[in-house]
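Here the structure comes first, spelled out in structure tokens, and everything after it is commentary.
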Amino acid sequence: TEGSAGAPEAHARSLETYAMVERVSATARLARGFLGVVLSAASESSLMTGRGGGGSEQLKAAAEMVLSGGRARAAAAMKPPAATAAAASVSGVSPAVDAARRRADERNKAAAADTFRSPPPSASVVPPPTPQQVAPKIVAIPTPAPDGTSSAPTETTTTTATASASTSTSTSTSTSATSDPPSVAAAAANQPKQFERRSVEVPASPLARVLGFGQLAAGLAAGTISESARRAWNGNGGVVAGAGSEGGGGGLDTDGPLIGGGSVFMTEANAERLAVALCRMRGAALKLGQMLSIQDESVIPPQIQRALERVRQGADTMPAAQLHRAIEDHLGSGWRDKLSSFDEEPLAAASIGQVHKAVYTDASTGAVKDVCMKIQYPGVARSIHSDIDNLMRLVSLTDLLPRGLYVEHAVKVAKAELTLECDYEYEAKSQKRMAVHLRGDKAWNVPNVIDALCSKGGLTTEFAPGMAIDKAVDLPQEERDYIGSELLRLTLRELFEFRFMQTDPNFANFLYDSPSRQLTLIDFGAAKDFPKQFVDDYLRMVIACAEKDRKGLVDSSIALGFLTGEESEVLIDAHCEAGFQVGKPFAFDGSYDFATNRDMTRRVAGLGKVMLKHRLTPPPQDAYSLHRKLSGSFLACMRIGAKVPARQMLRDAYDKYVFGPLPETFDVEDAALGGEHEQRPAAVA
């Protein structure tokens, strides 16, 4: 009772007991998720049942039962006899299927060993190999002639272990023979760790991919148990799953990151396990991880951000045998006949495919060109939906994501976008289209597409030199200002002029070549059109944010679908304040210094927690990709410390913009191609 001598001790014991129950419950949820993922795999893979049909449906129902904690979420209730029959059918597979399953098990056991033996974050940096450790490899690389043209390829000695882990198709152009000034040396010291890029076969079959997620779940469960034991031993049992996104007292922590860092699940060690597994799995799961990895500490905790740096730097690579099979599958057996040389070591290993440099000889003209060949990983296109589903099953059991995210809506959008990204024919068309839009732009270049080496799973373009723009942090201020200004100018043109945007903000998709001051835009798998009415209302909203026009911001937000008009005053206040924070660069006369205004993301993240708690509707579908690109542009400017005349750029875009339906004779594509409708209607002038 209150006031008794033993009350504090009893209260402390009660808290410890509660924390222990929470940890046991959390571990049980993750174990249930692991079993659910495995059962889901069985329902999706004919190898597991050996016959498919009704057995798959029953196993799917069993997975739903496990994941819902005993509450059937399927439309029809699961019948126990059918489930028993389905389970019995697993052991009745044919010898061929059983042998295939055993081979898959052996491969995945080896991959699991790599995952479970992943080093701690402090030991992630791999020292450079000695000459005795790495055998040199001879590849043919074209030598630039003095006049700037490419001469015949010459043999160059390279080593597979010294390839950059960056996801860009870049070559560094900022080397100097002089000693670095202190500011540059400090910036170099703060550069992200470089991770070893492993050669690991992509799990291509549905069974292999789901088993990979099962191994990930097991590793996370082991890490969670270890962390729970550590906290119990240290007497730190009060921090339970979900801490950091919403406090245990029911209030909102508006100062911490949007995604909580106090969870027993998402420790730095588990984040490292997750990063290693995603790099091995590749596909949709890695793509989602890369989207998270470019965010700053206002969105994800620093310890998780450090682990996800591995994800941002690139995936594991395909072994040579699997690579060659994939190229033949996508481009046919005669692909090598069109090349003078092909570099086996990839320039980049991304989420959907990996990029290799080659030298292409045009059969019709005899021209020799340096090219980049992007080859899609086997199996990732058909596994987009199941990968996302399995990843979200694991995430949903961790209480990692804050409430109010409308995860189902976001997942639906992600599936549609990532499915389109796997269509390299669509990407080739989008790249050609953006090249037309940017024709004549002195700052930006879009590489030409080589149609002879393109297909639905293979894309070849001309090679463009440069480094990823986030590496420009060491360049002089004037160059960084130029890069940031051109990046924001391009973003505004894409939205308000073309209404067609490359929406993948990965820093490696924007290359900068310092000697020529040329910027290159690549990776158009996520290119997207925006409806005219949406862009009209969005421009009104951006102007309202810049001018701190509360009524204009609310009205345009309702028109766009961000608000319903029935929200509480608390939500309206948070929504408007977040809009005014994002509008700061456009409200500042002169060049806005992104380097000294990094608190913008922290404040928006804090307000975001309030909005997540009180909002009544998910964002409009078009906003997901658009905000991903806009936030990426802002984060890039912050990363390199650019000063950008954002207000003048917005004013220029607004002055040129035509609200309302365009005249029937106005053809956007024809205008981009320089046709007779290239001039704007007289009303605009």
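Treat the numbers as computed from the prediction; the structure is a model and nothing was measured.
No salt bridge links Glu417 with Lys528; every basic N to acidic carboxylate O contact stays at or beyond 4.0 Å. Of the charged side-chain nitrogens involved, none lies within less than 4.0 Å of a carboxylate oxygen, so that Arg628 and Asp504 do not count as a salt-bridged pair. The residues Arg325 and Asp329 are annotated as not salt-bridged, no charged nitrogen and carboxylate oxygen being separated by less than 4.0 angstrom. By the 4.0 Å N-to-carboxylate-O rule, Glu427 lies close enough to Lys374 to be salt-bridged with it. Using a cutoff of 4.0 Å between basic side-chain nitrogens and carboxylate oxygens, Lys338 and Asp362 are not scored as salt-bridged. For Glu462 and Lys357, the salt-bridge test fails: no basic side-chain N is under 4.0 Å from an acidic carboxylate O. The residues Asp451 and Lys432 are annotated as salt-bridged, a charged nitrogen and a carboxylate oxygen being separated by less than 4.0 angstrom. Lys415 has no carboxylate O lying under 4.0 Å from a charged side-chain N of Asp387, or vice versa, which leaves the two without a salt bridge.
Side chain of Ser205 to backbone of Ala208: a donor-acceptor contact under 3.5 angstrom is found. When atom types are taken as modelled, the side chain of Ser633 and the backbone of Leu488 share no donor-acceptor pair closer than 3.5 angstrom. With hydrogens and angles disregarded, a donor-acceptor distance shorter than 3.5 Å links the side chain of Gln502 to the backbone of Ile522. Looking only at distances, no side-chain donor or acceptor of Ser485 sits under 3.5 Å from a matching main-chain atom of Tyr482. A donor-acceptor pair is defined here as one N or O able to donate and one able to accept, closer than 3.5 Å; no such pair exists between the side chain of Gln431 and the backbone of Val446. Panel note: side chain Arg639, backbone Asp470; no donor-acceptor pair is recorded below 3.5 Å. In this structure, the side chain of Thr460 engages the main chain of Leu453 through a donor-acceptor pair within 3.5 Å. Proximity of a side-chain donor or acceptor of Tyr377 to a complementary backbone N or O of Ala350 within less than 3.5 Å is detected. Not a single donor-acceptor pair under 3.5 Å links the side chain of Asn509 to the backbone N or O of Pro505. Between the side chain of Arg282 and the backbone N or O of Ile352 there is no donor-acceptor pair closer than 3.5 Å.
Residue-environment remark: CD (Gln621) stays at or below the threshold of 12 foreign heavy atoms within 6.0 Å.
The minimum heavy-atom distance linking Arg382 with Ala204 is given by the pair NH2-O, 3.0 Å. Minimum heavy-atom separation, Pro531 to Asp622: CD-OD2, 3.5 Å. Nearest heavy-atom pair, Leu347 versus Cys372, reported as atom, atom and distance to 0.1 Å: CD1-SG, 3.9 Å. The minimum heavy-atom distance between Gly283 and Val380, with the atom names listed, is CA-CG1, 3.9 Å. Across all non-hydrogen atoms, the minimal contact from Leu511 to Ala464 is CD1-O, 3.9 Å. In terms of heavy atoms, Gly632 sits closest to Phe507 at O-CE2, 3.9 Å.
Residues Asn445 and Leu521 form no side-chain contact, since every pair of their non-hydrogen atoms from C-beta on lies 4.5 Å or further apart. With a 4.5 Å cut-off on side-chain heavy atoms, Lys456 and Tyr426 do not count as touching. The side-chain heavy atoms of Thr361 and Lys369, taken from C-beta on, include no pair separated by under 4.5 Å. In this structure the side chain of Asn506 never reaches within 4.5 angstrom of the side chain of Asp523, judged on heavy atoms. In this structure, Val449 and Leu459 have side chains that are in contact, with non-hydrogen atoms separated by less than 4.5 Å. Within the 4.5 Å cutoff, no side-chain heavy atoms of Val200 are placed close to those of Met318. Within the 4.5 Å cutoff, the side chain of Met434 has no heavy atoms near those of the Met501 side chain. You'll find the side chain of Val371 stays beyond 4.5 Å of the side chain of Thr461, heavy atoms only.
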Test side chain to side chain contact (heavy atoms under 4.5 Å, CB included) applied to Glu344 and Leu323, step by step
CA-CA 9 Å; Glu344 301 281 348; Leu323 169 65; 4.0 Å; yes

Worked verdict on Asn390 versus His385 for side chain to side chain contact (heavy atoms under 4.5 Å, CB included)
CA-CA 9 Å; Asn390 287 327; His385 287 232; over 6 Å; no

Checking side chain to side chain contact (heavy atoms under 4.5 Å, CB included) for the pair Met373/Leu331: CA distance, chi angles, key distance, verdict?
CA-CA 11 Å; Met373 298 178 62; Leu331 300 178; 3.6 Å; yes

Going through the checks in order, is the side-chain hydrogen bond (donor to acceptor under 3.5 Å, both in side chains) test met by Tyr657 and Asp536?
CA-CA 9 Å; Tyr657 194 78; Asp536 285 0; 2.4 Å; yes

One pair to check against side-chain hydrogen bond (donor to acceptor under 3.5 Å, both in side chains): Glu479 and Tyr512. What are the steps and the verdict?
CA-CA 10 Å; Glu479 278 196 82; Tyr512 177 65; 2.5 Å; yes

Intermediate values then yes/no, side-chain hydrogen bond (donor to acceptor under 3.5 Å, both in side chains), Ser455 and Glu425
CA-CA 6 Å; Ser455 69; Glu425 290 176 346; over 6 Å; no

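Taken to the nearest 0.5 Å, the CG atom of Leu490 stands 9.0 Å off from the CG atom of Leu519. Considering CG of Leu487 and CZ of Arg489, their distance stands at 10.5 Å, rounded to 0.5 Å. If you take CG on Leu418 and CD1 on Ile384, they are separated by 5.0 Å, rounding to the nearest 0.5 Å. Note: Thr491 OG1 to Leu495 CG = 9.0 Å, rounded to the nearest 0.5 Å. Asp423 CG to Ser430 OG: the interatomic distance, rounded to the nearest 0.5 Å, is 9.0 Å. Here Asp389 contributes atom CG and Ser383 contributes atom OG; the two are 11.0 Å apart, rounded to the nearest 0.5 Å.
Judged by the 6.0 Å distance and 45° axis criteria, Arg499 is not positioned over the aromatic ring of Phe530. Cation-pi geometry between Arg493 and Phe498 is not met at under 6.0 angstrom from the ring centre and within 45 degrees of the axis. Cation-pi geometry between Lys532 and Phe534 is not met: the NZ or CZ atom fails to fall both under 6.0 Å from the ring centre and inside 45° of the normal.
Within the 6.0 Å centre-distance limit, the rings of His627 and Tyr538 are counted as a close aromatic pair. Aromatic pair Tyr424/His330: ring centres not closer than 6.0 Å.
In this pair, His356 and Phe342 present their aromatic rings parallel. The plane angle is below 30°, not in the 30 to 60° band. Below 30°, between 30° and 60°, or above 60°: for Phe500 and His437 the angle between ring planes is between 30° and 60°, a tilted geometry.
Checking Met281, Arg209, Arg280 one by one against Val202, the side-chain contact (heavy atoms from CB on, under 4.5 Å) holds for a single residue, Arg209.
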